[in-house]
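Accompanying notes for the structure given below.
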Amino acid sequence: AVANLKGLKQGHLRLCVITTAKYVIPRLLGPFCQRYPGIDVALTVTNHEQVVERIRGNMDDLYIPSYPPDNVDVECHPFLDNPLVVVAPSQHRLSQRHGISIHELEGEPFIMREQGSGTRQAVEKLFAQHGVSINIRLELGSNESIKQAIAGGLGISVLSHHCLALDRESSQLTILDVEHFPIQRHWHIVYPAGKQLSVVAQAFFDYVSTEGREMIESSLSYPPLPQTTKELNP
Ligand code: PGA
């Protein structure tokens, strides 16, 4: 049971976030849990398809997917930008080029996320729109493994910019300046429509959408997005 005695919040908080949000949400939990030591948190990190399954099953208090699920009635609040960028090893032949045509990626060995990944869906859609057929060399179910595989020279991929935060091996990786990238997406905070949030879930919602958000924007360091691509895609 959730108690809210003398302003002291207590209870359980179940969160379910998209794979790319695992780079920032655990950071935000630190100050939140210090402020409310009576709250214990369970955090599930999974891909888009599984997040949608969990929303349908009402398994958690709050969800952070990249885009609102189809055919499920939800309250949906845009939270943070989630640009998807083309990532290559720093030594890549295209790494110094600007305004690379998307067609130049044809034939490049490509590392693709698993079925059910929202990133994969977005990438397939963009390439299909431009009639680009990519050469999938490897399919991997984790952004982390994809980064290692890129650094290991197995190919290029498309990842959320958030996957490149904070990290030492990010220096072995580079963002390619390809036209039509970044794919502009946004994380959302979602819960089933009409659901009465618990006191604890409401406290977390208020925290992430104000201070938590500011903390991410001010404290995480990312490699810069290619400027020319940004201008091409206002
Ligand atoms: P996913 O994440 O590819 O793990 O489903 C989607 C996203 O964060 O854009």
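Counting starts at 1 for both ligands and their atoms, in listed order. Position 1 is the first residue of the sequence, and the numbers go up from there. Heavy-atom basis, side chains included; hydrogens, waters and symmetry copies ignored. Keep in mind that what you see is a predicted model, and the values were worked out from it rather than measured.
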Output side-chain donor-acceptor pairs under 3.5 Å for residues 125-136, partner residues at least two apart or in another chain, one line each.
from, atom 1, to, atom 2, distance (Å)
Ser133, OG, Glu106, OE2, 3.3
Asn135, ND2, Gly107, O, 3.3

Show me the side-chain donor-acceptor pairs of residues 70-88 shorter than 3.5 Å, one per line, residues at least two apart or across chains.
from, atom 1, to, atom 2, distance (Å)
Asp81, OD1, His186, ND1, 3.0
Asn82, OD1, Ser160, OG, 2.6
Asn82, ND2, Ser66, OG, 3.1

Give me the pairs of N or O atoms, one from ligand 1 and one from the protein, that sit under 3.5 Å apart.
from, atom 1, to, atom 2, distance (Å)
ligand 1, 3 (O), Arg113, NH1, 3.2
ligand 1, 3 (O), Ser117, OG, 2.7
ligand 1, 3 (O), Gly118, N, 3.2
ligand 1, 3 (O), Thr119, N, 2.9
ligand 1, 3 (O), Thr119, OG1, 2.6
ligand 1, 4 (O), Thr19, OG1, 2.5
ligand 1, 4 (O), Arg113, NH1, 3.2
ligand 1, 4 (O), Arg113, NH2, 2.7
ligand 1, 5 (O), His48, N, 2.8
ligand 1, 5 (O), Gly118, N, 2.6
ligand 1, 8 (O), Thr20, OG1, 2.5
ligand 1, 8 (O), Ser66, OG, 2.9
ligand 1, 8 (O), Asn82, ND2, 3.4
ligand 1, 9 (O), Ser66, OG, 2.6
ligand 1, 9 (O), Asn82, ND2, 3.0
ligand 1, 9 (O), Arg185, NH2, 2.8

Side chains of Glu108 and Arg93 in contact at under 4.5 Å (non-hydrogen atoms):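 When only atoms from C-beta onward are counted, Arg93 and Glu108 do touch, with a gap below 4.5 Å.
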Note, Leu173 side chain near Leu159 side chain (heavy atom, < 4.5 Å): no
Listed partners of Glu211 passing side-chain contact (heavy atoms from CB on, under 4.5 Å), at least two apart: Arg35, Tyr207
Shared hydrophobic cluster for Met59 and Val17 (ILVMFWY, side-chain gaps under 4.5 Å):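 Different clusters: Met59 never reaches Val17 through Ile, Leu, Val, Met, Phe, Trp or Tyr contacts under 4.5 Å.
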